[in-house]
Amino acid sequence: MKIYTTKKEIAPIIEGLRKKQLTIGLVPTMGALHQGHISLVKTALEETDQVIASIFVNPTQFNNQDDLDKYPRPFEQDIQMLKRISENIIVYAPTPEDIYDGTVKSENYEFDGLENPMEGKFRKGHFDGVGSIVRRLFETLKPSVAYFGEKDYQQLLVIKKLVEKLRIPVEIKGCPILRESDGLAMSSRNGRLSKIDRDAAPFIFKTLNTAKKMFGIKSATKVMEWVTKQFAAHPLLKLEYFQIADSATLEPINRKSKTKTYRAFIAVYAGDVRLIDNIALN
Ligand code: AMP
């Protein structure tokens with residue numbers, strides 16, 4: 001397994017792959033890998049000639065310094081996990097200074113409104129940070145295909161828009177959410193949950209599932225009210241937002257339309273750990 005930490009080191013490797021006309025599959029991650037990440041890597045291994053997994057905790061997408069400081073960074077463990085899947089994966093783990101050319105700052109992006117609700121509203125500047133890092137990863141690694149999880153569904157749409165707007169020649173593939181056996185969406189942050197919060201956290205997916213069933217027979221407003229009530233009564237989990245939105249535009253639902261598909265999105269605090277999840281409703 002080869003690990004590269006600078007643009008200068010990896011540039012000739014990328015050139016070599018391109019000269020041989022090999023397809024590059026990129027899986028961008030912030031490390032603290034779990035089976036959700038691994039499922040993306042496995043898909044990339046099946047579909048492309050050379051997989052690159054990037055491991056980089058991107059400072060510019062964090063709006064909360066404490067969240068950034070506490071973000072887990074078990075680098076050696078991550079490498080072992082990838083090695084178990086394939087020795088042939090390239091790991092790209094740059095420093096912030098290297099990938100940002102010395103100035104660790106994001107640019108401002110406009111993603112046709114996809115950046116405004118939910119994660120954009122509650123994490124100011126988040127998608128500018130995401131756009132900034134993903135653009136740099138694409139420029140440096142020149143992938144043919146890049147894999148992103150539906151766990152971060154809004155991010156997936158934002159990145160599709162980024163590629164369209166900047167005309168970056170890469171195919172963006174969305175991959176399904178992997179869950180623990182009790183339904184909790186896998187996340188690098190789950191390891192930070194206290195025992196009692198970890199036991200409570202499956203309530204999030206359970207509520208999403210019930211919301212999905214209700215959505216078939218009740219109005220969106222009724223569903224949103226019901227979910228809000230469930231969390232208001234919960235002793236440990238604090239709801240930040242629950243939103244039903246158009247799955248293509250992320251516009252909040254107004255009136256159900258038979259021709260549209262919808263998703264429910266949720267962000268919840270368990271102690272100081274912020275968890276997000278989402279579900280297709282129809
Ligand atoms: P992160 O390291 O959290 O930035 O995630 C890296 C990539 O893995 C992103 O595209 C995420 O959407 C994806 N991912 C994270 N958790 C999951 C999961 N439970 N299932 C599927 N993909 C995931």
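Start at 1 and go down the list; that is how both ligands and their atoms are numbered.
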Any donor-acceptor pair under 3.5 Å from Arg167 side chain to Val163 backbone:
no

side-chain hydrogen bond (donor to acceptor under 3.5 Å, both in side chains) with Tyr147: which of Glu171, Lys173, Glu47?
Glu47

Region of Ser187 engaging ligand 1 - heavy atom pairs below 4.0 Å:
neither

Leu178 to ligand 1: N or O pair under 3.5 Å?
yes

Structural part of His34 in contact with ligand 1, heavy atom criterion under 4.0 angstrom
side chain

Quick one: does Lys165's side chain have a donor or acceptor within less than 3.5 Å of a partner on Glu110's backbone?
yes

For atom 5 (O) of ligand 1, which protein heavy atom lies nearest, and how many Å away is it?
His37 NE2, 3.4 Å

Is the backbone N or O of Val268 less than 3.5 Å from a side-chain atom of Lys238, with the two atoms forming a donor-acceptor pair by type?
no

Looking at every heavy atom in both Arg198 and Pro202, which two are closest together, and how far apart are they?
O-CD, 3.3 Å

Classify the ring geometry of Tyr71 against Phe62: parallel below 30°, tilted from 30° to 60°, perpendicular beyond 60°.
perpendicular

Could you identify the single nearest non-hydrogen protein atom to atom 3 (O) of ligand 1 and state the distance to 0.1 Å?
Tyr71 OH, 3.8 Å

Nearest neighbour in protein (non-hydrogen) for atom 12 (O) of ligand 1:
Asp152 OD2, 2.6 Å

Quick note on ligand 1: atoms under 4.0 Å from a heavy atom of Phe148 include exactly 10 (O)

Which of the atoms in ligand 1, numbered in the order shown and given with their element, are less than 4.0 Å from a heavy-atom of Ile177?
20 (N), 21 (C)

Please work out, at 4.0 Å between heavy atoms, whether the side chain, the backbone, both, or neither of Met30 comes within that distance of ligand 1.
both

Using a strict cut-off of 4.0 Å, indicate which atoms of ligand 1 neighbour a heavy atom of Lys151.
16 (N), 17 (C), 18 (C), 23 (C)

Ligand 1 atoms nearer than 4.0 angstrom to some heavy atom of Thr29 are 2 (O), 6 (C)

Enumerate donor-acceptor pairs with a distance under 3.5 Å from any side-chain N or O in residues 116-128 to protein atoms, sequence neighbours excluded.
from, atom 1, to, atom 2, distance (Å)
Glu119, OE1, Arg274, NH1, 2.9
Glu119, OE1, Arg274, NH2, 3.4
Glu119, OE2, Tyr241, OH, 2.4
Glu119, OE2, Arg274, NH2, 2.9
His126, ND1, Gln61, O, 2.8
Asp128, OD1, Tyr109, N, 2.8

Shortest protein contact, atom 21 (C) of ligand 1 (heavy atom only):
Pro176 O, 3.3 Å

Option with minimal heavy-atom separation from atom 10 (O) of ligand 1, where the choices are Pro28, Ala146, Ser54, Gly149
Gly149

Under 4.0 Å from ligand 1, counting heavy atoms only, is it the side chain of Val27, its backbone, both or neither?
neither

With heavy atoms of Met186 as the reference, note each atom of ligand 1 found under 4.0 Å away.
16 (N), 17 (C), 18 (C), 19 (N)

May I ask you to check whether Thr95 and Asp98 show a side-chain donor-acceptor distance below 3.5 Å?
no

Is there a side-chain hydrogen bond (donor to acceptor under 3.5 Å, both in side chains) between Thr60 and Asn58 once you walk through the steps?
CA-CA 6 Å; Thr60 67; Asn58 175 35; 3.1 Å; yes

Report the relative orientation of the aromatic rings in Phe56 and Tyr100; use parallel for angles under 30°, tilted for 30 to 60°, perpendicular for over 60°.
tilted

